[in-house]
Amino acid sequence: MIQFEDVTKDYDNQTALRNINFFIDKGEMVFFTGPSGSGKTTLLRLIYMAEKPDRGRISIAGWEADSVKESSIPFLRRHIGIVFQDFRLLTHRTIFDNVAIALRIRGMREREIKPKVYDALKTVYLRHKSDSYPLKLSGGEQQRVVIARAIVADPTVILADEPTGNLDPDTAYGIMKAFKTINAKGTTVVIATHNRELFRDTVRRVLHLDTGNLVSEDLG
Amino acid sequence: MIQFEDVTKDYDNQTALRNINFFIDKGEMVFFTGPSGSGKTTLLRLIYMAEKPDRGRISIAGWEADSVKESSIPFLRRHIGIVFQDFRLLTHRTIFDNVAIALRIRGMREREIKPKVYDALKTVYLRHKSDSYPLKLSGGEQQRVVIARAIVADPTVILADEPTGNLDPDTAYGIMKAFKTINAKGTTVVIATHNRELFRDTVRRVLHLDTGNLVSEDLG
Amino acid sequence: MPLPYTVRLAVQSLFKEPWVNLLSILTIGVGLFIISLAFLIVYNFDMATRKLPDKFSLNVYLDHNLSQERVRNIVGAFREKDAVYSVRHIPKQDALEELKNMLKDSPFVFEGLDDNPLPDSLEIKLKEKALGLETVRALANEALNIQGVNEVDYGEKFLSTIHNLKRGLHSFGAILIVILSAGIIFVCYSTVKILFYRKMDEIETYKLLGATKGFIRSPFLIEGFLIGATGGILSLLGVNAFYYLSVLKLSLSIPLFSSIIFPAQFFLWLPVIGMFLGISGAGVALGRMKY
Amino acid sequence: MPLPYTVRLAVQSLFKEPWVNLLSILTIGVGLFIISLAFLIVYNFDMATRKLPDKFSLNVYLDHNLSQERVRNIVGAFREKDAVYSVRHIPKQDALEELKNMLKDSPFVFEGLDDNPLPDSLEIKLKEKALGLETVRALANEALNIQGVNEVDYGEKFLSTIHNLKRGLHSFGAILIVILSAGIIFVCYSTVKILFYRKMDEIETYKLLGATKGFIRSPFLIEGFLIGATGGILSLLGVNAFYYLSVLKLSLSIPLFSSIIFPAQFFLWLPVIGMFLGISGAGVALGRMKY
Ligand SMILES: Nc1ncnc2c1ncn2[C@@H]1O[C@H](COP(=O)(O)OP(=O)(O)OP(=O)(O)O)[C@@H](O)[C@H]1O
Ligand SMILES: Nc1ncnc2c1ncn2[C@@H]1O[C@H](COP(=O)(O)OP(=O)(O)OP(=O)(O)O)[C@@H](O)[C@H]1O
Ligand SMILES: [Mg+2]
Ligand SMILES: [Mg+2]
């Protein structure tokens, strides 16, 4: 499903990832963890091809990073639901529209969009906020809208970057339960986080990053 | 220093805070905690007078919320260092400028600004990123810039809203140590968070909010 | 590409960014309005000078006492020339009448006059296309070589002034139209750029969510189209207002204005031109944008 | 309020938002340029008609065979009138010479002429301020009542056309200047609004960090000032380019252009005017903005 072979990514004056190797199978639930600035977000950006690797091979569900055409990247991304660390909500659109945009981009008809959006909002306990605007929500509520947008289109892969940074333990637990349910249906789930509570009592793989290196892997 | 008497704050269609009473003395370190949407950010916004209470009395270092003139609010805010939950970094300015703006607004001369900014950046382990831009930093690095901007002007009060949401435990510990050092020098520190690790082994007060109500207080 | 949704996006955006859009629409409207005025001036000048052949004539004075026969020959010779539209023979009696008529305010001039001192003359009108300064000058020289022709008279100075004015106006109009059209394209271009930069963040989000280039671009093209077309309609209204105010109202006090010709059928193209310029601007701006 | 830093902010912002600013500067430049052209046309027309008194004259034809004494009296009567600038007596011999000169292409007109059939006449020039249609008409009527005056002749039609054209041009120019000035203020206004809205977020951050209104507003005022001034300088360059191109170059082929008067001292005010309009626009925009 997701394969990294000797991947290195450099920014202007620093190496963000160095010789990374791993393989994530379809239906797995994987956590990436590591200190601030260790390269977790960069790794996820490589997966949804917002960045190109400087060296090495990346293969995502059959698409190769070094041969993929610019014009087919949108279609790759339609298989992926992303929880961005910096939210990326559209501030001038309602919560409903913010979630619906993921379906509209795919050309879905309005009639089918409505029930799906309300379902996703219910999963993150925000059904009652659907007519509100992002800047009128609390930090944790905004984060949950991002999660709803990531899951609404039933993607093949979910990439969640620090999805509970603004959530209290109880809410975080609810969100994790939802991810597990989705994972149980066959969706691959990849989560970058430093909240150890999230994976303390879960059957999963944890990969540890430190300043760009994959330092250890922990199964349990 | 900070006094709330029967404070109620309503938004369009919901009550964010209900009959809140508390007093924070000069030099205290206080934590507000509570689930997502319980009103922590709203409470801090009332302190720095970005919102007015609908009922009740708020007094901040002698300024009364219901009688303060619009034109003197800037001078109140110059006594407060704020860590915003949504960062509020200036994306088109360097990290240095982002921190320096807090001093420039106060009319400080460039010659004095430089050493102070570098000091603050050192405190959050980001001295080496001073010429970078916010969007080139990782989420945790951005959050630390916000913290540096809040402490750079030696404010009388520091208000930190979820200051470690994007930080790994080790970095979070370092930041908390810095807050404690500053607090020890007499600065009042108010932190809103749901990361219980932050205050587990600290001498402090913890106030619990739930859906707008102050439900319990915990000293230790 | 789900067109209806992108159209909705474009229209919403028009109303969400009222200032940029109003600014662009007004600028385009005024630009096209000024182009129209320039066109109106050039057009009217052309129309006015097109009637010139009716008014312009070459006067050929014949020798005294030519035979009827000879006069008829000379008339015939002129009629055969390519540039000539009509030849009128003015007998000297008629010429005297005309002169008396012209000087009727001072009839005393003719008080002592017994004999008709005037010669026969020919009034030659030219075809429109032959009304250049060179052609007329050549014709005059030819005429002087015909036996029996005494003198040829034509408004050389008048003709060359008209000629030069026409040339000047034409180049002036052309320059104005080119500059302002470029200006309008630039306005659309920078409007789209402004809107685009302002939405950079939103666009990046769309892209990361899997939107195609078409989905992202079409709202901007539609916006350029709408801005250009609205500007064009505005200038059409402006031109019509100008027509009713100045041509119809002002002509009451200033008769000169009443002779202005208003080619309505040309101005109906203004919205189409605006639309075209709007899309061009947007297209150029999008083409040069990396995303 | 630390002025140097806000100035730096304003200048930086000018370069960070090149498209809005370029758009505004060009629009203002073109607007002021067109205002200048309108002014140039009105000004030149006024200057041309100011020379009119030299060219315009009232011709008074006297009765035949008046005594020298009587003629001198009549001349004196005219000289006393307020509106009259000068009176020239043209003896009938001179008039005949003049007529012969005018008709020198057809000398045969005078072939049979023994006697001078012309009367004495007076050529009356008027003072500039008296050159209205009504004044002239009144004077002509008065003149006809003087004994010994036979006929009065003046270019009524010419005078009224000039008069009307002048009125039309003046109102046209005034309307154009008012509309375009309002347009320029609007451009500055909406530019500042655009920049302001785009920076809304940044401004909110400044405010939350403790910035005063002055700190936030001054960069916008400075920007309005710079945009307006730059637009003004641009239009000044444009006017000068226009002058050198059309007046100096075109006048070689079209002599009409060489008589254009170019009041350079007025145009030097363009940058100041632009600056003033720019600050006004920014001020209005800021005044109406809540933050
Ligand atoms: N666009 C960029 N240009 C330059 N450097 C970058 C860029 N993006 C990230 N970096 C740098 O690369 C390193 C890794 O960043 P990344 O965002 O992957 O870290 P992270 O593990 O997600 O950290 P965090 O937990 O704080 O979000 C950081 O030091 C960061 O400053
Ligand atoms: N500007 C606003 N307009 C309307 N409702 C608002 C506004 N700001 C906050 N709210 C609502 O008020 C409630 C309290 O919000 P607040 O931001 O204070 O919560 P919080 O405790 O900071 O939550 P979190 O931990 O998720 O940041 C939330 O339900 C939120 O939706
Ligand atoms: Mg990250
Ligand atoms: Mg909050």
Side-chain angles (χ1 to χ4, degrees), chain A residues 41 44-51 60 63 69-94 97-113 133-134 145-146 148-157 159 161, chain C residues 1-24 191-224 226-227 282-291:
Chain A
T41 300
L44 296 185
R45 284 175 67 79
L46 285 167
I47 296 178
Y48 56 83
M49 298 194 180
E51 308 277 356
I60 312 294
W63 318 67
K69 271 189 300 175
E70 189 68 37
S71 61
S72 58
I73 288 181
F75 302 98
L76 160 66
R77 289 186 184 151
R78 290 182 191 183
H79 291 289
I80 309 177
I82 313 174
V83 179
F84 300 99
Q85 189 175 13
D86 54 356
F87 300 179
R88 297 204 152 275
L89 291 171
L90 308 171
T91 45
H92 298 295
R93 309 199 165 266
T94 62
D97 281 341
N98 264 284
V99 178
I101 191 73
L103 302 174
R104 289 190 176 130
I105 276 174
R106 289 165 169 81
M108 196 177 279
R109 263 167 304 167
E110 290 297 315
R111 201 157 30 77
E112 302 168 51
I113 286 176
Y133 285 84
V145 176
V146 184
R149 185 178 62 188
I151 62 177
V152 72
D154 301 320
T156 325
V157 183
L159 304 178
D161 197 353
Chain C
M1 192 180 66
L3 201 72
Y5 188 67
T6 59
V7 173
R8 246 169 68 203
L9 276 182
V11 175
Q12 280 172 13
S13 147
L14 266 188
F15 288 99
K16 274 199 181 138
E17 314 267 355
W19 295 109
V20 208
N21 291 313
L22 214 61
L23 182 58
S24 317
T191 306
V192 167
K193 261 199 138 69
I194 291 168
L195 295 177
F196 201 92
Y197 280 124
R198 175 125 56 135
K199 288 191 185 158
M200 207 71 128
D201 219 50
E202 199 170 321
I203 287 168
E204 179 67 18
T205 303
Y206 284 149
K207 272 175 58 194
L208 292 178
L209 294 176
T212 53
K213 270 199 178 187
F215 186 93
I216 292 170
R217 282 175 175 228
S218 42
F220 289 98
L221 285 175
I222 295 168
E223 239 173 299
L226 290 176
I227 288 174
V284 174
L286 286 175
R288 304 196 50 193
M289 219 109 60
K290 269 197 313 213
Y291 56 97

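In what follows, every chain begins at residue 1, and chains take the letters A, B, ... in the order their sequences are listed. The shown structure was predicted, so the numbers you read here are calculated from the model rather than taken from an experiment.
- Partners of A:D154 according to the salt bridge (Lys or Arg N to Asp or Glu O under 4.0 Å) rule, which considers only residues two or more places apart in sequence or in another chain, are A:K116.
- With values rounded to the nearest 0.5 angstrom, A:R77 atom CZ is found 6.5 Å from C:K207 atom NZ.
- There is no contact between A:H79 and chain C, counting heavy-atom distances below 4.5 Å.
- For the set A:S72, A:P74, A:A150, the count of heavy-atom pairs under 4.5 angstrom toward chain C peaks at A:P74.
- With sequence neighbours left out, the side chain to side chain donor-acceptor pair (under 3.5 Å) criterion links A:Y48 to no other residue.
- Classification of A:D97 and A:R104 as a salt-bridged pair holds, one side-chain N sitting under 4.0 Å from a carboxylate O.
- At a 4.5 Å heavy-atom cutoff, the contact between A:R149 and chain C is made by side-chain atoms alone.
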